[in-house]
Number of protein chains: 2
Amino acid sequence: MDAKENLITSAQALLWERGYVGMSPKAIQQRAGAGQGSMYHHFSGKAALALAAIQRSAAEMQAQIDAELNFQGTALAQITAFLQRERDVLRGCRMGRLAQDPEIIALEELRQPVDEIFSGLQQRLIDVLDSGQANHEFLYVFETADLAAMIVSVLQGAYVVARAENSEVPFKRAMSGLLFTLGTLTKPAI
Amino acid sequence: MDAKENLITSAQALLWERGYVGMSPKAIQQRAGAGQGSMYHHFSGKAALALAAIQRSAAEMQAQIDAELNFQGTALAQITAFLQRERDVLRGCRMGRLAQDPEIIALEELRQPVDEIFSGLQQRLIDVLDSGQANHEFLYVFETADLAAMIVSVLQGAYVVARAENSEVPFKRAMSGLLFTLGTLTKPAI
DNA sequence: GTCTATAAAACGATAGAC
DNA sequence: GTCTATCGTTTTATAGAC
């Protein structure tokens, strides 16, 4: 087993569960099955290890997003598929979790990967919506950047509300509401 | 100055900024200008003080929501006014912040006030949307619970994305996108 | 009610042996 | 590379004087 790898995956899990503030070096080491010496040999400290873990998580998410929003089918079909993929709702979003952490937000280098995921996802959605506009899939001309920001926000907010209520129900409702409203943009009222 | 009051408002601020995990008794005391003895005289410990602070914050938010969604004007007008009120975007939502905290979610009594705020806000929005449906303000018949969950989620998620990008821009875009889509539900395509 | 003293454990890291 | 020992600080209290 590669201790350095174990430390990174361990930190990834703890950042997801407890955030930067709630993650201690000791907890990382125990979960990784590594000692103090090992951790401080591979990383200069908690911040450096967290950076490696965040970058890894960001890369994993980016790969998933790239695979999902792949420009096949209509804009609505792509976005629907993206929104309906299986998610561990009550666990929340790895990146959204970090956006709430005061230390992540305070340290530019830790916030940057989080920023890039959200900026990149929005741009991807803008591209999809723009192609939908070009193909006249929508009944309206709209600011695609606004719709993209709204879609990402529904997803992030639905995780938040689900955790608050300790239930997947509000998440599913928010997705249904979003898919309904997006649907009305493509077909006229009855 | 009432030390007990100072301790509660101090804990409210720290919960907002740093969450339960990131808030230490010492920090609460310093911000409140109170000593150890004072805090432990008024509260049995960190959890008890946090509960008082969360309940206070929840009550304040509930009062604000009640004042804002007050059944005057059309459903769209009420929701628009609610969404457009001034917000300290980069500070985020007090309650949404707590929903991400592992210790808040783990302790039923700490999560409950957070749950109630979100459940209550959704119910309020459902009532507003139902009255809009009854008055035939919309072009569509839809599941008002789904739309309510979506609206609350956009708001919560927009805070998250704004913090991730350290910018109010995505928040404003999400609001614009939401108001546009809600608008299309009330008037036909051109 | 508030103060100061005390304390066991955890935090975040360093040092040096192996 | 990993281990153990050590370190100063912070955490989350408790105890008892005032």
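Order of the sequence lines fixes the chain letters, A, B, ..., with proteins taken first and strands second; residue numbering starts at 1 for each chain.
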* Taking the side chain of A:Gln36 as its heavy atoms from C-beta onward, which of C:dT4, D:dG1, D:dA5 lies nearest to it? -> D:dA5
* Does A:His42 make a side-chain N or O approach to OP1 or OP2 of D:dT2 shorter than 4.0 Å? -> yes
* Just to confirm, is there a sub-4.0 Å distance from OP1 or OP2 of C:dC11 to any side-chain nitrogen or oxygen of A:Ser24? -> yes
* **Atom-pair distance (CG on B:Asp2; P on C:dT2), nearest Å** => 8 Å
* Whole-Å gap separating C1' (C:dC11) and NZ (B:Lys26) -> 13 Å
* To do: Would you kindly give the CD-to-C1' distance between B:Glu5 and C:dT2, to the nearest whole Å?
  => 18 Å
* Without hydrogens or angle criteria, can the side chains of A:Glu116 and A:Gln112 be said to hold a donor-acceptor pair below 3.5 Å? -> yes
* Rounded to whole angstrom units, what separation is found between the CD atom of A:Gln29 and the P atom of D:dC3? -> 10 Å
* Asked: Rounded to the nearest Å, what distance is computed from the CG atom of residue B:Leu14 to the P atom of nucleotide D:dT12?
  -> 12 Å
* Between A:Gln29 and A:Gln36: side-chain donor-acceptor atoms closer than 3.5 Å -> yes
* Asked: How many angstroms lie between atom CD1 of B:Ile104 and atom CG of B:Leu15, to the nearest 0.5 angstrom?
  -> 6.0 Å
* What's the shortest heavy-atom distance between A:Ala50 and A:Met23, and which atoms? -> CB-CE, 4.1 Å
* Can you figure out which of C:dT2, D:dT12, D:dG1 approaches the side chain of B:His41 most closely? => C:dT2
* Write down the distance between CZ (A:Arg18) and C1' (C:dA10), rounded to a whole number of angstrom. => 12 Å
* Asked: Rounded to the nearest Å, what distance is computed from the NZ atom of residue A:Lys46 to the P atom of nucleotide C:dA10?
  -> 16 Å
* Whole angstrom value for the distance that separates P of D:dT12 from OH of B:Tyr40 -> 7 Å
